[in-house]
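Written out below as structure tokens is the structure these notes cover.
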Amino acid sequence: MPAGPLHASDAEVLYVRHFPVLLDTAMQKFEMNRDAHELGQPIELARAEYDRGRLLLRKGLYAQAVEHLRAVRHRFLIHSLAEEAGLCGLEMVEGLLMLARADEAERLARTIMSEFLAASLNSRAITALGYLTEAIEARNATPRTAMRVREYVLSLRTSPEREFETHE
């Protein structure tokens, strides 16, 4: 690349070139820190494993990511962490849509919505999950739809009154 100011397109090229290396480095760190997390901190271990599953998804290892996240989601549910389990499940929905497993993605989205209702979580999150479920049912949902819903649910932690925008 030429010397001088960095342009947006240059930054994108750098990101694309180095993203796989960053993912591999992060995966190695997770492996090295696993023993430390296993020493009596099951929630922190689950959160670290959640991040690992997200990295697998971003790396394009969809089937592996879904199975990994399934176990992590189960850990969150055991500890009654419905929101974390839901966010983890939404990552799974994204992966399932990438794998063209829409029926399974729809069932999971409905399950997450039921868990959010049972836990009395923010009604706006439940509305967004309803939107996702209907989009999957109509076969109009993309992995990006699931990602947008997950990002929205996460944003409600800091902006609980934020409106969900249905257009992509």
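The chain is numbered in sequence order, starting from 1.
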Would a hydrophobic clustering, with Ile, Leu, Val, Met, Phe, Trp and Tyr connected at side-chain separations under 4.5 Å, put [X] with [Y]?
X: L117; Y: L77; result: no
X: M147; Y: F116; result: no
X: M92; Y: L99; result: yes
X: I78; Y: V72; result: no
X: L132; Y: I126; result: yes

Measuring from [X]:[atom1] to [Y]:[atom2], what's the distance to the nearest 0.5 Å?
X: S155; Y: R124; atom1: OG; atom2: CZ; value: 10.5 Å
X: I136; Y: T142; atom1: CD1; atom2: OG1; value: 9.5 Å
X: L56; Y: Y62; atom1: CG; atom2: OH; value: 11.5 Å
X: T127; Y: Y131; atom1: OG1; atom2: OH; value: 13.0 Å
X: D103; Y: E137; atom1: CG; atom2: CD; value: 10.5 Å
X: E115; Y: L81; atom1: CD; atom2: CG; value: 11.5 Å

Would you call [X] and [Y] a salt bridge, using N to O less than 4.0 angstrom?
X: D51; Y: R58; answer: no
X: E106; Y: R101; answer: no
X: R107; Y: E104; answer: no
X: E67; Y: R70; answer: yes

*Passing option when E84 is tested against R75, R157, R150 for salt bridge (charged side-chain N to carboxylate O under 4.0 Å, His left out)*: R157
Where is the tightest heavy-atom contact between [X] and [Y], given as atom of each residue plus distance?
X: L69; Y: C88; value: O-SG, 3.3 Å
X: A119; Y: A82; value: CB-CB, 3.8 Å
X: L108; Y: R73; value: CD1-NE, 3.6 Å
X: L97; Y: A146; value: CD1-CB, 4.3 Å
X: G95; Y: L57; value: CA-CD1, 3.6 Å

[X] side-chain N/O to [Y] backbone N/O, donor-acceptor pair under 3.5 Å:
X: Y50; Y: A85; answer: no
X: H68; Y: E49; answer: yes
X: N122; Y: L156; answer: no
X: S159; Y: E161; answer: no

*Verify side-chain contact (heavy atoms from CB on, under 4.5 Å) between L129 and L90, making sure each step is shown before the conclusion.*
CA-CA 9 Å; L129 285 163; L90 287 168; 3.7 Å; yes
*Atom NE2 of H79: over 12 foreign heavy atoms under 6.0 Å*: yes
*In terms of side-chain heavy atoms, does T111 have a donor or acceptor partner in S114 at a distance below 3.5 Å?*
no
*Scan side-chain atoms only and decide if R110 and T133 contain a donor-acceptor pair under the 3.5 Å cut-off.*
no
_Side-chain heavy-atom pair L55, K59 within 4.5 angstrom cut-off_ = no
*Considering only heavy atoms from C-beta outward, does the side chain of R47 approach that of F76 to under 4.5 Å?*
yes
*What do the steps show when you test E151 against R148 for salt bridge (charged side-chain N to carboxylate O under 4.0 Å, His left out), and what is the final call?*
CA-CA 5 Å; E151 289 170 351; R148 283 186 53 248; over 6 Å; no
